[in-house]
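The structure under discussion appears below in the form of structure tokens.
Keep in mind that the numbers below use all heavy atoms, side chains included, and drop hydrogens, waters and symmetry copies. Chain letters run A, B, ... following the sequence lines, proteins first, then strands; residues in each count from 1.
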2 protein chains.
Amino acid sequence: MSGLDPRSRTTPLAQTLVGLYRLSQGLQHRLRERAQAHGLSPAQAQALLFLKYARPGVRTIGGLAQRLGCAPATASEVADALERKGLIRRQPLPADQRVITLALTPAGAHKVNALEDLLDDLEAALATLPPTQQEALLQATQALVRVLQQAGHVVVYEMCWGCQFFRPNAHPNDPTAPHHCAFVDAPLPEPNTYLECPDFIPRSP
Amino acid sequence: MSGLDPRSRTTPLAQTLVGLYRLSQGLQHRLRERAQAHGLSPAQAQALLFLKYARPGVRTIGGLAQRLGCAPATASEVADALERKGLIRRQPLPADQRVITLALTPAGAHKVNALEDLLDDLEAALATLPPTQQEALLQATQALVRVLQQAGHVVVYEMCWGCQFFRPNAHPNDPTAPHHCAFVDAPLPEPNTYLECPDFIPRSP
DNA sequence: GACATTATTTCGTACTCCTAAATAATTATA
DNA sequence: TATAATTATTTAGGAGTACGAAATAATGTC
């Protein structure tokens, strides 16, 4: 009955399962290869991208652990490595001295810019699929990610636009923070709305 | 332009890319969790499944390295760990003493039987998708795997039925090996046709 | 002020992963 | 048939990944 038995690989479900497994393996392989070309490990590359794109409040050891799907101890070690390489800085949060915020150094910002095309060739491969398959693949992956998210296997970070807690132009008289987040009940500066947030919940269609 | 920038995540292609990335992360996370429940690392669990289902000729250090997508040195270390745990045996191949064949011990065979349902809950999640999405997802993943395969990011192991080199009943008078493989040009015993082979190439539709 | 909670770090252990070099067996070449 | 190239694996060394448990320090609660 197991989808990993080749004999059961006649059912579409089992074939898809094995396909996704191979896809995952290939993606990780590609990730390692590309990161290595920049002198980084896969986790280090992901951490740099996280620090570029996550909203300020989650750029901490704990936030990084959530994003990498690892224990805080591991995230602390990843931060150690990046700090040794001079790509990030640790800084206690003034408001709560237990929290360590992580910030890219100029060298780190430069490195992550060179790193952004990490999966471009996979995106190019996606583009070769017929449009109907692209659309179906999008629906299916999003449905699966929701399942994995509910099972706690992955934390989804997304930006505000499209989030059900986002109130665009709730403060029209405040040019520095015209929008509003109903989740944390706080005004949002414009640039922050383009950053990733783990509290994101999509608006229902 | 990068699909990893949240601002570009408005295009279906970029959304799919990020979805696949999360899917991959979730799958690896689940794999680690389930393997750990059996006292194994992810690589060790994959190695045991490989030794159960791969055809005899590839059950070697090199074959394992191909399957795991790692260097032979790493595969040798994985074999070390499994040997220490008494789950596999190393044995030089009589015909070529350089080659080390790997075989499950009774304990290893027992362990891998308990391990086969490793991704069953992901398969269950797949089953919740509407049938049209299931079909499209199958097509799309297979197309993507082909791309990754050609780029060398993954080696596809499949069993004979469906392979273009498979000649069923080519030796009707030989009850021990009625089939034939045109790739290695050798007769195939019936049980072997249900095992996975890295030389698999699908028949054209 | 005592106590629980939280975020992070440190420690110890096991595993992953690579490259480069060493070893041994086989195959090719001269 | 010696010698050389090739192949499969192992060993060694180094960086990284990952965890649980214990330690530390800051914050919140009663």
Side-chain angles (χ1 to χ4, degrees), chain A residues 25 28-48 50 57-85 87-102 153 198, chain B residues 24-25 28-48 57-85 87-102 153 198:
Chain A
Q25 189 177 358
Q28 302 290 331
H29 188 267
R30 181 73 184 138
L31 188 58
R32 171 175 300 277
E33 197 176 60
R34 296 283 286 119
Q36 190 171 15
H38 292 277
L40 298 171
S41 70
Q44 288 164 17
Q46 292 171 77
L48 290 183
F50 167 72
V58 298
R59 293 181 202 147
T60 67
I61 295 291
L64 179 59
Q66 260 201 335
R67 173 60 150 276
L68 297 182
C70 68
T74 305
S76 182
E77 286 163 11
V78 172
D80 284 346
L82 288 173
E83 210 174 20
R84 273 196 303 273
K85 294 182 182 179
L87 301 175
I88 70 169
R89 259 193 336 268
R90 272 183 167 94
Q91 216 170 347
L93 190 70
D96 183 343
Q97 303 269 341
R98 293 169 302 179
V99 177
I100 299 293
T101 64
L102 306 171
H153 292 301
Chain B
S24 171
Q25 189 178 357
Q28 302 290 330
H29 189 267
R30 181 72 185 139
L31 188 59
R32 171 175 300 277
E33 197 175 61
R34 296 283 286 118
Q36 190 172 16
H38 292 278
L40 297 171
S41 71
Q44 288 163 16
Q46 291 171 76
L48 291 183
V58 297
R59 293 181 202 148
T60 68
I61 295 291
L64 179 59
Q66 259 201 335
R67 171 62 148 275
L68 297 182
C70 67
T74 304
S76 183
E77 287 164 10
V78 172
D80 284 345
L82 288 172
E83 210 174 19
R84 273 195 303 273
K85 294 182 182 180
L87 301 176
I88 68 168
R89 259 195 335 268
R90 272 185 166 92
Q91 218 171 346
L93 189 70
D96 185 342
Q97 303 269 342
R98 293 171 302 180
V99 177
I100 299 293
T101 65
L102 306 171
H153 292 301

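- Considering only side-chain N and O atoms, B:K85 lies nowhere under 4.0 angstrom from the phosphate OP1 or OP2 of C:dA14.
- We find that CD of B:Q44 is positioned 19 Å from P of D:dT17, with the value rounded to whole Å.
- In this structure a side-chain-to-backbone donor-acceptor pair under 3.5 Å is missing from B:K85 to B:D80.
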Would you tabulate the side-chain donor-acceptor contacts of residues 58-68 of chain B under 3.5 Å, counting partners in other chains and residues two or more places apart, or write 'none'?
residue	atom	partner	partner atom	Å
B:R59	NE	B:L51	O	3.4
B:R59	NE	B:A54	O	2.8
B:R59	NH2	B:A54	O	3.0
B:T60	OG1	B:G62	N	3.3
B:T60	OG1	B:G63	N	3.0
B:Q66	OE1	B:Y157	OH	3.4
B:R67	NH1	B:E196	OE1	3.4
B:R67	NH2	B:E196	OE1	2.8

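- Regarding B:I61, its CD1 atom lies at a distance of 13 Å from the P atom of C:dT16, rounded to whole Å.
- The distance from atom CD of B:Q66 to atom P of D:dT9 is 11 Å, rounded to the nearest whole Å.
- Partners of B:E83 by side-chain hydrogen bond (donor to acceptor under 3.5 Å, both in side chains), not counting sequence neighbours, listed by chain and number: B:R90.
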Set out, line by line, the N/O atom pairs under 3.5 Å between protein and nucleotides 3-5 of chain D.
none

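- Residue B:R90 is the one, among B:H29 and B:R90, whose nearest nucleotide of DNA chain D lies closer to the 5' end (criterion: closest heavy atom).
- Legend: residues meeting side chain to side chain contact (heavy atoms under 4.5 Å, CB included) with B:Q91, ordered by chain and number and at least two apart, are B:R89, B:T101.
- Between the CZ atom of A:R32 and the P atom of C:dT19 there is a distance of 10 Å, rounded to whole Å.
- When the C1' atom of C:dC18 is taken as reference, atom CG of A:L40 falls 15 Å away, rounded to whole Å.
- Between B:G63 and A:A71, the residue anchored closer to the 5' end of DNA chain D is B:G63, taking for each the nucleotide with the nearest heavy atom.
- Listed by chain and number, the residues in a side chain to side chain contact (heavy atoms under 4.5 Å, CB included) with B:Q25 are A:V154, B:Y21 (sequence neighbours excluded).
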Expected rows: protein N/O vs nucleotides 23-30 of chain D N/O, under 3.5 Å:
residue	atom	partner	partner atom	Å
D:dT27	OP1	A:Q97	N	3.2

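- Side-chain N/O atoms of A:S41 include none lying less than 4.0 angstrom from OP1 or OP2 on C:dC17.
- With sequence neighbours excluded, the residues forming a side chain to side chain contact (heavy atoms under 4.5 Å, CB included) with B:R34 are B:R30, B:H38, B:D117, B:L118, listed by chain and number.
- Although no hydrogens or angles enter the test, the distance criterion places no donor-acceptor pair under 3.5 Å between the side chain of A:E33 and the main chain of A:H29.
- Closest contact between the side chain of B:I100 and the listed nucleotides C:dT16, D:dT9, D:dT17 involves D:dT9.
- Side-chain contact between B:L87 and B:L48 is present, with at least one heavy-atom pair separated by less than 4.5 Å.
- Distance CD (B:Q46) to P (C:dC15): 15 Å, rounded to an integer number of Å.
- For the side chain to side chain contact (heavy atoms under 4.5 Å, CB included) test, residues two or more places apart in sequence or in another chain that qualify with A:Q28 are A:S24, A:L31, B:S24, B:Q28.
- Listed by first then second residue, pairs satisfying salt bridge (Lys or Arg N to Asp or Glu O under 4.0 Å) with a partner in residues 91-101 of chain A read A:D96-A:R98, not counting sequence neighbours.
- Residues from residues 73-84 of chain A that place a heavy atom under 4.0 Å from any atom of DNA chain D, listed by number: A:A73, A:T74, A:E77, A:V78, A:R84.
- Of the possible donor and acceptor atoms, one in the side chain of A:Q44 sits under 3.5 Å from a partner among the backbone N and O of A:S41.
- Between B:L82 and B:L102 there is no side-chain heavy-atom pair separated by less than 4.5 Å.
- Rounded to an integer number of Å, the gap from CG of A:L68 to P of D:dC19 is 10 Å.
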